[in-house]
Protein chains: 2
Amino acid sequence: MSATPPDQFAARLIAQGSRFARIASRATGSSRPLVAMRVLATLQFDGPQRIGQLAAHERFTQPAMTATINRLEADGLVTRTTDPSDARAVVVTLTEAGLAEMTAFRAKAAAHVLPAMERLGADDLAVLARAADLLEKLADDCLPASPRRVGAAPTPSKESDDH
Amino acid sequence: MSATPPDQFAARLIAQGSRFARIASRATGSSRPLVAMRVLATLQFDGPQRIGQLAAHERFTQPAMTATINRLEADGLVTRTTDPSDARAVVVTLTEAGLAEMTAFRAKAAAHVLPAMERLGADDLAVLARAADLLEKLADDCLPASPRRVGAAPTPSKESDDH
DNA sequence: CAATATACATCAGACATTTATATACCTCAG
DNA sequence: CTGAGGTATATAAATGTCTGATGTATATTG
């Protein structure tokens with residue numbers, strides 16, 4: 001069943017996932033980084049979040065997420081409020097305009113991708129739907145010790161990065 | 001079968017695909033843009049390619065692909081030769097070092113993702129394998145009129161972009 | 001052979017991301 | 001209640017990468 005040997009499996013998933021995301025996203029004409037759309041979606045489905053939470057979720061550095069939120073805030077897609085329980089923290093909330101932008105992005109993505117999908121069988125569509133869930137889970141599992149108090153090795157190393 | 005309504009399907013696939021790719025790729029410690037690894041993989045599996053072909057395949061502008069190839073060439077991962085059949089064109093070829101870098105990337109990706117995959121059942125693994133194929137096909141279908149002489153509308157519009 | 005199209009390179013400008021550092025706030029031992 | 005140390009975010013500086021415009025060489029066509 002696997003045309004690709006197991007050691008190529010992960011890399012192929014990374015390559016095809018990123019290529020599809022880029023090409024489909026560009027087809028929508030969106031001029032915003034993909035991470036911005038992911039942040040908006042996270043805010044929509046998981047509710048308001050702290051900057052640090054969002055950064056960890058996307059494997060971004062905190063300054064990069066601050067900058068991303070700055071841009072979204074400047075465009076009126078999110079609002080920044082101080083966490084009443086911790087004055088250091090900032091809670092980011094999706095605005096009506098942000099929700100509208102997400103909706104528009106989804107519509108454009110659907111318009112450009114669904115035609116190709118319609119050439120697939122029901123089983124393949126089910127595969128893609130399931131794959132989206134699995135990719136989310138795999139990504140979460142690849143994040144460094146996010147679950148609370150796991151007590152695993154604290155990974156003291158520096159962990160270089162990419163992009 | 002679908003927890004997500006159809007108009008969210010494409011956007012969710014984009015979001016989860018890009019997030020997984022980023023997180024898994026960063027876990028490998030690679031300091032190279034993902035597009036560089038995709039280019040190397042393309043050169044490995046599809047053989048030497050022109051700069052323009054590679055740019056179209058990744059939906060990159062030609063100057064961006066030229067710069068990407070410059071960096072790969074500077075690191076000795078690809079070589080540049082003039083196409084004997086067209087002196088304007090440049091053919092990019094994978095080197096031994098380039099192949100080695102791909103192999104190393106695959107090994108690191110596997111090392112970081114396979115543990116999470118092992119918690120999945122055989123059916124889910126099959127879903128992911130199939131999904132990689134489907135994502136590739138969908139991405140190809142989203143590319144603007146790449147197939148030769150289709151005679152379709154030449155898409156005269158400007159098509160803004162992103163990232 | 002001249003006019004036009006193609007393939008790639010180069011350049012300038014814009015952005016995004018990283019590391020390092022600063023600031024404000026919280027927690028808690030003493 | 002005070003000060004040390006940790007946490008959440010902001011800011012600064014450096015780096016890298018993308019796009020659009022343009023230049024150069026080659027190919028194609030009438």
Side-chain angles (χ1 to χ4, degrees), chain A residues 18 22-23 25-26 29-39 48-75 78-92 146 148 154 157-163, chain B residues 18 22-23 25-26 29-39 48-75 78-92 146 148-149 154 156-163:
Chain A
S18 62
R22 174 183 170 92
I23 292 176
S25 163
R26 280 186 66 106
S30 164
S31 65
R32 233 177 263 285
L34 267 171
V35 65
M37 305 315 286
R38 295 202 303 270
V39 164
Q49 308 262 324
R50 292 187 177 186
I51 298 238
Q53 283 180 307
L54 292 169
H57 189 250
E58 303 298 334
R59 254 283 205 179
F60 261 58
T61 60
Q62 170 263 311
M65 187 54 68
T66 291
T68 295
I69 297 303
N70 284 345
R71 294 186 284 267
L72 291 175
E73 186 185 28
D75 290 348
V78 302
T79 55
R80 216 191 276 258
T81 54
T82 301
D83 188 331
S85 73
D86 185 341
R88 295 168 303 178
V90 166
V91 176
V92 181
S146 37
R148 321 307 174 81
S157 66
K158 183 67 75 53
E159 227 9 54
S160 103
D161 63 305
D162 126 50
H163 295 200
Chain B
S18 62
R22 173 183 171 94
I23 290 176
S25 163
R26 280 186 66 106
S30 164
S31 65
R32 232 177 264 284
L34 267 171
V35 67
M37 304 316 286
R38 294 202 302 269
V39 165
Q49 307 263 325
R50 290 186 179 189
I51 297 230
Q53 283 181 306
L54 292 170
H57 189 250
E58 303 298 334
R59 255 282 206 179
F60 263 60
T61 60
Q62 171 262 311
M65 186 54 68
T66 291
T68 294
I69 297 302
N70 284 346
R71 293 186 285 269
L72 291 175
E73 186 185 28
D75 289 350
V78 302
T79 56
R80 214 190 276 257
T81 55
T82 301
D83 188 330
S85 72
D86 186 339
R88 295 168 303 176
V90 167
V91 176
V92 182
S146 38
R148 322 305 174 80
R149 85 197 81 278
S157 65
K158 183 65 77 50
E159 220 19 48
S160 106
D161 63 306
D162 124 47
H163 297 201

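The chains referred to below are lettered A, B, ... by the order of the sequence lines, with proteins before strands, and numbering in each begins at 1.
When the P atom of C:dA16 is taken as reference, atom CE of A:Met37 falls 14 Å away, rounded to whole Å. Rounding to whole angstrom units, CD of residue B:Glu58 and C1' of D:dT19 are separated by 17 Å. In this structure, A:Glu73 atom CD and D:dA10 atom C1' are separated by 13 Å, rounded to whole Å. Taking atom CD1 of residue B:Ile69 and atom P of nucleotide C:dT10, one finds them 14 Å apart after rounding to whole Å. Rounded to whole angstrom, the span from the CD1 atom of A:Ile51 across to the P atom of D:dA8 amounts to 12 Å. Rounded to whole Å, atom C1' of C:dA9 lies 9 Å from atom CZ of B:Arg80. A straight line from CG of A:Asn70 to P of D:dT11 spans 7 Å, rounded to a whole angstrom. Atom CZ in B:Arg59 sits roughly 15 Å away from atom P in D:dC18 (whole-Å rounding).
Picking from C:dC8, D:dT9, D:dG20 the nucleotide with the shortest atom distance to the side chain of B:Pro63 gives D:dG20. For A:Arg22, the listed nucleotide lying nearest its side chain is D:dC18; candidates were D:dA27, D:dA8, D:dC18. When each of D:dC18, C:dA7, D:dA8 is scored by its nearest atom to the side-chain atoms of A:Ala89, the top-ranked nucleotide is D:dA8. For A:Val35, the side-chain atoms get nearest to C:dT17 when compared with the rest of C:dT17, C:dA9, C:dC25. Nearest nucleotide to the side chain of B:Pro33, out of D:dT17, C:dT17, D:dA25: D:dT17.
A:Arg38 is listed as a side-chain neighbour of B:Arg22, based on a closest heavy-atom distance under 4.5 Å. Residues B:Val39 and B:Gln49 have side chains not in contact (no heavy-atom distance under 4.5 Å, counting atoms from C-beta outward). Using a 4.5 Å cut-off on side-chain heavy atoms (C-beta onward), A:Thr68 and A:Glu58 make no contact.
The shortest distance between the side-chain N/O atoms of A:Arg26 and the OP1/OP2 oxygens of D:dT19 is below 4.0 Å. The phosphate of D:dT28 (OP1 or OP2) has no side-chain N or O of B:Arg88 nearer than 4.0 angstrom. For the OP1/OP2 pair of C:dT18 and a distance below 4.0 Å, the side-chain nitrogens and oxygens of A:Thr61 include at least one atom meeting the criterion.
With sequence neighbours excluded, the residues that form a side-chain contact (heavy atoms from CB on, under 4.5 Å) with B:Val90 are B:Ile51, B:Arg80, B:Val92.
Comparing B:Gln62 and B:Arg71 by the nucleotide of DNA chain D whose heavy atom lies nearest to each, the residue mapping closer to the 5' end is B:Arg71.
Closest approach of A:Val91 and A:Pro48 over heavy atoms only: CG1-CB, 3.5 Å.
B:Asp86 comes within 4.0 angstrom of sugar-phosphate atoms only, judged by non-hydrogen atoms across all strands, and of no base.
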